[in-house]
Amino acid sequence: MATLTIKRADRLIGASVLGTLLLVWLVLTGFDALTQFVRQLGNIGKNGFTLYDAIAYIMLTVPRRLYQMFSNAALIGGLLGLGGLAATGELTALRAAGMSKLRIGVSAVGVVAALTVLVVIMGETAAPYGDQHAQAIQVRMRSSNLGSTSSGLWARDAGKIINAKSAIATQEGDLTTVKLVDVRVFSFTPDGQVAEFSHGDSAIHDGNQWVMTNVRTSTRDETGIHSLTAPTQTWKSRLNPHVLEQSIIHPEYLSMSDLRRNMRYLESNGQNPGAYAVAFWGRVIFPFNVLVLVLCAMPFAFGSLRSGGFGKRLFIGIILAIGWYFLQGAMVNFGTVYGLPPLLANLLPTGLLVAGALAYFRRFG
């Protein structure tokens with residue numbers, strides 16, 4: 001009978017938390033998407049950017065926005081769900097039936113954990129896919145000579161067609177530099193035949209011109225095809241590095257596999273993976289952050305929210321979400337500035353929350 005009661009209690013807690021979480025998640029994501037849609041309306045008319053493009057851009061970024069908003073929705077939704085049970089006295093009844101605060105918290109976290117698995121899968125599949133295609137729309141809007149597809153970045157430069165497998169932003173002090181990886185340059189004759197083909201491992205803009213490394217160039221004339229190689233080669237191109245910088249997808253929008261690939265490339269060239277490493281480890285510990293956030297919101301449901309209404313619970317949930325956002329950002333930036341490993345920098349705020357939650361439940365659970 002006791003087991004049956006506990007299972008019914010789990011369902012009660014799970015249903016309450018799930019309902020409020022989904023509602024909050026929908027509201028937060030919808031507000032974020034609507035705000036960005038209004039901004040996109042201001043770009044209509046630029047290089048053929050249309051209302052359809054604006055709608056397509058927002059729809060393609062919805063999976064990423066859902067991923068980003070989930071932790072805040074879990075925190076606020078969990079707080080509202082348990083707070084509602086506390087306000088009606090049901091949490092008190094559960095406590096009287098023998099359920100500890102920690103046990104109630106685990107029931108709430110269990111529902112969130114199941115959703116987190118689905119969100120993580122979405123964040124590694126639909127979200128990067130959508131952002132890649134959404135970025136292609138933005139690239140076309142910024143420059144009619146640029147395009148982005150699954151095969152990389154494409155650009156037209158006078159009589160040349162340029163393809164780069166990927167574009168990576170590297171940070172050196174306050175200077176952001178764009179490096180093109182696996183670059184191919186096709187030069188054409190007036191009748192549309194390929195006259196010259198160049199392939200380089202990478203290309204970087206030194207402030208005045210582009211410089212390609214490990215270049216192999218093949219040219220064709222009446223006598224046949226001729227090839228030559230060079231460790232470096234100046235590449236005369238009007239390709240604007242500042243436009244390219246704006247076209248690069250933010251590291252936090254990439255999948256873990258893409259982040260890891262960029263990290264390995266930079267590390268193999270003796271460069272600091274920087275933002276890519278921070279984003280990668282942030283993705284790794286994302287599920288733990290979500291669950292810890294929900295667990296750390298439980299004390300407010302057992303305490304001050306019993307006598308408060310919906311507005312009070314919502315206010316405290318928003319304050320906690322904002323506080324967590326700034327705490328996490330500050331701790332990660334602190335670790336980056338002082339040279340802490342990216343994994344440790346991302347674990348610092350989570351560790352503080354875990355310590356606080358354990359201390360509470362050990363004392364009052």
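The model shown is predicted, which means the values in this text are computed figures rather than measured ones.
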Least distance between heavy atoms, [X] atom then [Y] atom:
X    : Y    : result
S202 : T213 : OG-OG1, 2.8 Å
I13  : S107 : CD1-CB, 3.9 Å
Q233 : S198 : NE2-OG, 4.4 Å
A108 : V17  : CB-CG2, 3.9 Å

With H199, the side chain to side chain donor-acceptor pair (under 3.5 Å) member among T229, D182, N214: D182

Qualifying residues under salt bridge (Lys or Arg N to Asp or Glu O under 4.0 Å), relative to E124, sequence neighbours excluded: R283

[Y] and [X], any side-chain heavy atoms less than 4.5 Å apart:
X    : Y    : value
Y52  : I137 : no
L80  : L21  : no
N262 : L254 : yes

Using the rule that Ile, Leu, Val, Met, Phe, Trp and Tyr join whenever any side-chain heavy atoms are under 4.5 Å apart, tell me whether [X] and [Y] fall into a single cluster.
X    : Y    : answer
L75  : L23  : no
L22  : V120 : yes
I161 : F197 : yes
I55  : L41  : yes
F286 : F326 : yes

Intermediate values then yes/no, side chain to side chain contact (heavy atoms under 4.5 Å, CB included), L343 and F280: CA-CA 9 Å; L343 175 59; F280 175 80; over 6 Å; no

side-chain hydrogen bond (donor to acceptor under 3.5 Å, both in side chains) involving [X] - partner list, sequence neighbours excluded:
X    : answer
S187 : none
R261 : D258
T116 : none
T232 : none

If I take atom [atom1] from residue [X] and atom [atom2] from residue [Y], how far apart are they, to the nearest 0.5 angstrom?
X    : Y    : atom1 : atom2 : result
R39  : Y57  : CZ    : OH    : 9.5 Å
S218 : E196 : OG    : CD    : 8.5 Å
S71  : I76  : OG    : CD1   : 9.5 Å
R64  : Q132 : CZ    : CD    : 13.5 Å
L228 : T219 : CG    : OG1   : 7.0 Å

Aromatic plane relationship, H133 with Y129 - under 30° parallel, 30 to 60° tilted, over 60° perpendicular: tilted

Pairing residues for [X] by the side-chain contact (heavy atoms from CB on, under 4.5 Å) criterion, not counting sequence neighbours:
X    : value
V62  : L66
N43  : Q40, K46, F49, M141
A203 : L180, V183, W210, M212, W235
L26  : none

Quick check: does any side chain N or O of D131 sit under 3.5 Å from a backbone N or O of P128, one acting as donor and the other as acceptor? no

CA sep, side-chain torsions, deciding dist, call: T61, Q36, side chain to side chain contact (heavy atoms under 4.5 Å, CB included): CA-CA 10 Å; T61 59; Q36 185 56 233; 5.8 Å; no

Criterion side chain to side chain contact (heavy atoms under 4.5 Å, CB included) on Q68 and Y253, from CA distance to verdict: CA-CA 9 Å; Q68 290 180 318; Y253 297 169; 3.3 Å; yes

Dump the intermediate steps for side chain to side chain contact (heavy atoms under 4.5 Å, CB included) on L115 and F70, then the final yes or no. CA-CA 9 Å; L115 276 178; F70 182 70; 3.7 Å; yes

How does the hydrophobic cluster around I121 look, that is, which other residues are in it when side-chain heavy atoms under 4.5 Å mark a link? V117

I'd like to know whether [atom1] of [X] has more than 12 heavy-atom contacts from other residues, nucleotides or ligands below 6.0 angstrom.
X    : atom1 : result
F31  : CZ    : no
R260 : CZ    : yes
F37  : CZ    : yes

With F188 via ring-ring contact (aromatic ring centres under 6.0 Å, His included) - residues at least two apart: none

Strictly by side-chain hydrogen bond (donor to acceptor under 3.5 Å, both in side chains), give each pair with a member in residues 14-33 just once, sequence neighbours left out. D32-R65

